Amino acid sequence: MAVRNQEIADLFNRLADLLEVEDANPFRVRAYRNAARVIGSLSPSLSDLVADGEDLTHYPGIGDDLADKIRTIVTTGELPDLREVEHRVPAELSDLMHIKGLGPKRVKALYQELGIDSLDQLEAAARQGRIRQLEGFGAKTEQSLLEGIEYLRGGGERRTLLGEAEEVAERLKAHLEGVEGAKLLEVAGSYRRRKETVGDLDILVACADAKPIMDAFVGYDEVAEVASRGETRSTVYLRSGLQVDLRVVPRESYGAALHYFTGSQAHNVAVRQRGVSRGYKINEYGVFQGESRLAGTTEAEVYATVGLDWIPPELRENRGEIEAAVAGELPCLVEQSDLRGDLHCHTRATDGGQSPREMAEAARERGYDYLAITDHSRRVAMAHGLDADRLRAQMAEIDRLNDELSDITLLKGCEVDILEDGSLDLPDDALSELDLAVCSVHYQLDLPRSQQTERILKAMDNPYCSLLGHATGRQINEREPMDVDMERIIAGATERGVVLEVNAQPARLDLRDEHCRMARDYGARLAIATDAHNADNLGLIRFGVGQARRGWLRAEDVINTWDLAGLRRALER
DNA sequence: GCCGTTTTCGGCCCGACTGTTTTCAGTCG
């Protein structure tokens, strides 16, 4: 069984935790954490790369030593250094470090003074009032540790879908924008980078007087708890459990602060290092050379001081965007306004909520030129999937609607199930009458990797397969992706002229960002599509656009940015 | 442990807030 990248990242993070407790060189600890982060967001499987004898040291943060350790993990499943540290320090201390308010120093003190090396022991000691007797700990800390334990046991570290965070963020933003003097306001952090999930919300405000905005923030009616409140920074927990940080800065620092709080951390570190190498200090207040302030009002200014073009937030992950900016080769990313239509939606004929006419009118209101109706095929019985007869009846209805409707063209489509053997769920003669077929897997998502990969490749061999829908089948926080060789799928789609869908449903966002990037590098063609089940769902396209931008996609990579004639040509195989 | 416009050694991002202190360590982002 191949070791997954995340497992390797977890081993490095655990080692970093324990080394920190041992008070090891902090830069060595950081190196392990950096590597874990790089590995965690790496698209190709390290197991595959090692098997292919690839050089791992060209990934940032991976040097000769860590490349060796990765090879060892892949071949033996173990990290000997971690084993060794675990002889000296209990492995469970790593779990304690995940409690809010507990870092290496305190974990070490708890272990050395009270022998605590598990959540249960920590809880017992806190309930008995033994922790407050330690130097540097008090009754308040004891209480907050108990809360931290409860939070952790309740699965508190689970990240929030961007789609869910957006509703909360927009309401809160509207509330704060009503405050006098709050001129500039933005939700920064991973939210602004359009990451598929967010851990918390970071709101940045520029204004001269922080007090009114802080008052409005902690007094917001969805606030369940004020975790901290300061002059320029406050943290609250909303009733939904989401943590929100608010930061207030002076107007002249807004750009520097926006950059700082948008992150990612890895991106910021890289930008700051460029600053350091020029003798500048970059913080949330600006770019400084000694006492003099060089920049900070806008983000573009901050980037300019270190010789970079402004970088779109979606690219700020230190995945090559800085090198691209240096070379003046940042991609011109696809925008929502580039899209001319949607290629995946459902109607009442299966599990959608509206008629083809209603969907067409909603698409026309969005300014689209075309919309593909793609109801399920019969295998998806739960949704009352279409057989060939019902599909033909729907095609006739679409012909009638197209005669009648102006300014919008409905395309005859179907979301055809990819069966377990890789065949398609409708006969070729029916498929041949469609404008496009979105082919998707809905069942048997747990086949072995090679069989699953062959299944999808075979489906794409069918000349009527136009798009591959939600390629991995994942549902964020709910269902793991299928175990498939995405590089072979992407290469296979490119060779066959099959378009890869970027499914815009907030819980799917499938392809993920790294796969979009890989597809672009292969020269594949992609489509951003909502998989809408009602007219409102067409608006979900914004999440797909965000994901596509995170994957470095340009308008020319996305076929539904083309006009109808161009789209029809793109769908020919 | 990584990395190089400081280049194979010697650096490595930086400030705010809390709780426990009574000037600051620890943690967080």
Side-chain angles (χ1 to χ4, degrees), chain A residues 12 15-17 19-21 23-38 56-70 79 81 96-110 131-145 148 188-190 198-204 210 214 218 226-236 243-249 253 256-257 259-288 302 306-307 318 326:
Chain A
F12 284 158
L15 179 55
D17 287 343
L19 287 173
E20 263 195 306
V21 173
D23 210 16
N25 177 348
F27 299 109
R28 186 175 164 224
V29 173
R30 185 189 294 174
Y32 280 115
R33 294 208 193 280
N34 278 340
R37 198 175 51 230
V38 168
L56 304 178
T57 63
H58 73 264
Y59 291 107
I62 311 287
D64 290 336
D65 183 90
L66 286 179
D68 260 347
K69 289 188 165 78
I70 292 168
L79 176 57
D81 291 66
L96 296 185
M97 299 241 314
H98 289 102
I99 297 170
K100 198 170 268 304
L102 272 194
K105 298 283 164 43
R106 285 176 161 170
V107 165
K108 185 180 184 181
L110 289 166
I131 287 172
R132 68 181 73 180
Q133 291 159 14
L134 290 182
E135 193 179 329
F137 290 81
K140 271 198 158 175
T141 305
E142 206 170 60
Q143 185 55 38
S144 77
L145 288 181
S190 46
V198 301
D200 62 11
L201 292 176
D202 299 288
I203 301 182
L204 179 69
M214 283 297 177
V218 300
V226 179
S228 78
R229 158 147 200 183
E231 293 281 307
T232 65
R233 176 180 206 151
S234 295
T235 298
V236 302
Q243 177 185 329
V244 188
D245 295 337
L246 177 74
R247 186 66 190 259
V248 179
V249 296
S253 296
H259 178 255
Y260 183 91
F261 290 108
T262 297
S264 65
Q265 196 189 5
H267 173 88
N268 285 358
V269 167
V271 169
R272 276 168 187 233
Q273 278 168 347
R274 287 182 67 83
V276 168
S277 72
R278 286 166 168 72
Y280 305 155
K281 182 177 75 172
I282 302 178
N283 59 28
E284 60 263 57
Y285 297 110
V287 181
F288 299 88
V302 174
V306 291
N318 199 23
V326 169

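Chain identifiers are assigned alphabetically (A, B, ...) following the order of the sequence lines, protein sequences preceding nucleic acid strands; residue numbering begins at 1 within each chain. All values derive from a computational prediction rather than experimental measurement.
Among the nucleotides dA16(B), dC2(B), dC13(B), the one closest to any side-chain atom of V269(A) is dC13(B). The side chain of L66(A) has dC2(B) as its nearest neighbour among dC14(B), dC2(B), dC17(B). The listed nucleotides are dG15(B), dC13(B), dT6(B); the one nearest the side chain of S277(A) is dT6(B).
With hydrogens and angles ignored, a donor-acceptor pair closer than 3.5 Å exists between the side chain of N25(A) and the base of dG1(B).
dT22(B) sits 14 Å from dG26(B) when the P atoms are compared, rounded to a whole Å. For the P atoms, the distance from dC24(B) to dC12(B) is 23 Å, rounded to whole Å. Taking the C1' atom of each, dC2(B) and dT6(B) are spaced 15 Å apart, rounded to whole Å. dC9(B) and dG15(B) have their P atoms separated by 31 Å, given to the nearest Å. Separating the P atom of dT27(B) from that of dT21(B) is a span of 15 Å, rounded to the nearest Å. Taking atom C1' on both dT23(B) and dT18(B), the two are 15 Å apart, rounded to the nearest angstrom. Annotation: dA16(B) and dG11(B) have their P atoms spaced 26 Å apart (nearest Å).
Within the structure, a side-chain polar atom (N or O) of T232(A) is placed less than 4.0 Å from OP1 or OP2 of dC17(B). Between Y285(A) and dC13(B) there is no side-chain polar atom (N or O) within less than 4.0 angstrom of OP1 or OP2. Taking 4.0 angstrom as the limit, T235(A) places none of its side-chain polar atoms (N or O) nearer than this to OP1 or OP2 of dC17(B). A close approach under 4.0 Å does not occur between any side-chain nitrogen or oxygen of N268(A) and OP1 or OP2 of dC13(B).
Summary of the strand contacts: M214(A) and G138(A) both lie near DNA chain B, and taking for each the nucleotide with the nearest heavy atom, the more 5' one is attributed to M214(A).
Using modelled atom types, one side-chain atom of N268(A) and one backbone atom of Y260(A) make a donor-acceptor pair closer than 3.5 Å.
Among the heavy atoms of the strands lying under 4.0 Å from V276(A) is at least one base atom, whether or not backbone atoms are also near. Using a 4.0 Å heavy-atom criterion, one finds that K69(A) contacts the sugar-phosphate atoms exclusively. The residue A67(A) sits apart from the nucleic acid: no heavy atom pair falls under 4.0 Å.
Applying a 4.0 Å cut-off to non-hydrogen atoms, the residues of residues 26-33 of chain A that approach DNA chain B are F27(A), R28(A), R30(A), A31(A), Y32(A), listed by residue number.
Residues F288(A) and N283(A) meet the side-chain proximity criterion, which asks for heavy atoms closer than 4.5 Å. I99(A) has its side chain within reach of L96(A): a pair of non-hydrogen atoms, C-beta onward, lies under 4.5 Å apart. Counting heavy atoms from C-beta on, the side chains of F12(A) and L66(A) come closer than 4.5 Å. Looking at heavy atoms from C-beta onward, S253(A) lies out of side-chain contact with E284(A) at the 4.5 angstrom threshold. Here the side chains of R132(A) and T141(A) are not in contact, with every heavy-atom distance at 4.5 Å or above. Contact check for L110(A) versus L102(A): side-chain heavy atoms found under the 4.5 Å cut-off.
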Exercise for the section: Could you encode protein contacts along nucleotides 23-29 of chain B as a string, one character per nucleotide from 5' to 3', using B for base contact, S for sugar-phosphate-only contact and - for no contact, with a heavy-atom cut-off of under 4.0 Å? Expected result: ---SSSB
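Atom CG of residue N34(A) and atom CD1 of residue I62(A) lie 9.0 Å apart, to the nearest 0.5 angstrom. The distance from atom CZ of R37(A) to atom CD of Q265(A), rounded to the nearest 0.5 Å, is 5.5 Å. Between the CG atom in L79(A) and the OH atom in Y32(A) there is a gap of 7.0 Å [rounded to 0.5 Å].
Remark: P of dG1(B) and CG of N34(A) are 14 Å apart, rounded to the nearest angstrom. Remark: C1' of dC3(B) and CG of N318(A) are 13 Å apart, rounded to the nearest angstrom. If you measure from atom CD of E135(A) to atom P of dT21(B), you get 7 Å, rounded to the nearest angstrom.
Across the strands present, dT8(B) finds no partner; the criterion is a Watson-Crick or G-U wobble pair with both atom distances under 3.5 angstrom.
Under the side-chain hydrogen bond (donor to acceptor under 3.5 Å, both in side chains) criterion, R229(A) pairs with D215(A), sequence neighbours left out.
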